[in-house]
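Sequence positions, counted from 1, serve as the residue numbers for this chain.
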Amino acid sequence: MWGRWEEKKKKTRRAKKNKGEYTFWDGFFDLLFWVPELLILPIRLIFFLFRRVGKLFKDAFDFIP
């Protein structure tokens with residue numbers, strides 16, 4: 001019975017020790033995932049803007065008899 005209690009105590013201590021800490025590696029991997037998004041976002045925005053403007057002009061020219 002005491003062996004099981006000791007094992008549970010070790011697990012809870014380990015969980016308390018690492019809970020809520022933001023480590024260097026967490027920041028590194030966050031940066032690793034965010035850099036491509038930040039580089040691609042402006043390109044995507046420009047692409048969608050030109051696409052919408054093109055559709056607007058196409059629709060405007062459809063009204064010309």
Subject >> Rounded distance (nearest 0.5 Å) linking atom CZ of R44 with atom CZ of R51 >> reply: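 R44 atom CZ to R51 atom CZ measures 12.5 Å (nearest 0.5 Å).
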
Subject >> Reported CD1-to-CG distance for the pair I46 and L41, which is rounded to 0.5 angstrom >> reply: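 With rounding to 0.5 Å, CD1 (I46) is 10.0 Å from CG (L41).
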
**OP:** Flag yes if L45 and L39 sit in one hydrophobic cluster, no otherwise; membership is Ile, Leu, Val, Met, Phe, Trp, Tyr, and two members link when side-chain heavy atoms are under 4.5 Å apart.
**Re:**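 Different clusters.
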
**OP:** Identify whether W34 and Y22 are in the same connected component of the hydrophobic contact network (ILVMFWY, side-chain heavy atoms under 4.5 Å).
**Re:**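 No, no single cluster joins them.
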
Subject >> pair F47-I43: side-chain heavy atoms closer than 4.5 Å >> reply: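 No, every pair of side-chain atoms sits at 4.5 Å or beyond.
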
**OP:** Hey, can you tell me if F29 and W25 have their rings parallel, tilted or perpendicular (30° and 60° cut-offs)?
**Re:**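 Plane angle between 30° and 60°, so tilted.
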
